[in-house]
Amino acid sequence: MIHRQIISSSAILAISYDATTEILEVEFHDGTVYEYHKVSKGIYDDFMRASSKGTFFNDRIRDAYTNTRL
């Protein structure tokens, strides 16, 4: 299991990332959780540096990667 870390975002509560499987797990404030597959570490690093993580997620991640709702 990947341990999620709380982040500062109006849309997203917490995230986790596994570089081995390239899975980004995103937990939203409404309680839903998704796994985004084949997300490179570079994208994850950019996401963590973004001043608005919610905007970065919407612009770069949300529709760009296959996802699974947990």
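Predicted model, so just to flag it, every value in this text is computed and none were measured.
Legend: side chain to side chain donor-acceptor pair (under 3.5 Å) pairs involving residues 57-70, not counting sequence neighbours, sorted by first then second residue: His37-Thr68.
Scanning for side-chain contact (heavy atoms from CB on, under 4.5 Å) contacts around Ala11 gives Ser9, with sequence neighbours left out. Contacts of Arg49 classified as salt bridge (charged side-chain N to carboxylate O under 4.0 Å, His left out), with partners at least two apart in sequence or in another chain: Asp46. Scored by the salt bridge (charged side-chain N to carboxylate O under 4.0 Å, His left out) test, Lys41 finds Asp45 as partners (sequence neighbours excluded). Residues satisfying the side-chain hydrogen bond (donor to acceptor under 3.5 Å, both in side chains) criterion with Tyr44, sequence neighbours excluded, are Gln5. With sequence neighbours left out, Ser52 forms a side-chain hydrogen bond (donor to acceptor under 3.5 Å, both in side chains) with Thr55. Evaluation of the side-chain hydrogen bond (donor to acceptor under 3.5 Å, both in side chains) rule for Glu22 yields no partner, not counting sequence neighbours.
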**OP:** Using the side-chain contact (heavy atoms from CB on, under 4.5 Å) rule, take Met48 and Ile15 through it: C-alpha gap first, then chi angles, then the decisive distance, then the call.
**Re:** CA-CA 10 Å; Met48 292 305 288; Ile15 65 156; 3.2 Å; yes

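Leu24 and Leu13 are not part of a single hydrophobic cluster, where members link through side-chain heavy atoms under 4.5 Å apart. Note on Val33: it does not cluster hydrophobically with Ile23, by side-chain heavy-atom contacts below 4.5 Å among ILVMFWY residues.
Taking the six-membered ring wherever Trp is involved, the centroid distance between the rings of Phe57 and Phe28 falls below 6.0 Å.
Counting only heavy atoms from C-beta outward, the side chains of Phe47 and Ile7 approach each other to under 4.5 Å.
Although no hydrogens or angles enter the test, the distance criterion places no donor-acceptor pair under 3.5 Å between the side chain of Tyr36 and the main chain of Ala64.
Annotation: the span from Lys38 atom NZ to Thr21 atom OG1 amounts to 8.5 Å, rounded to 0.5 Å.
Pairing each heavy atom of Ala50 with each of Phe56, the nearest pair is CB-CB, 3.8 Å.
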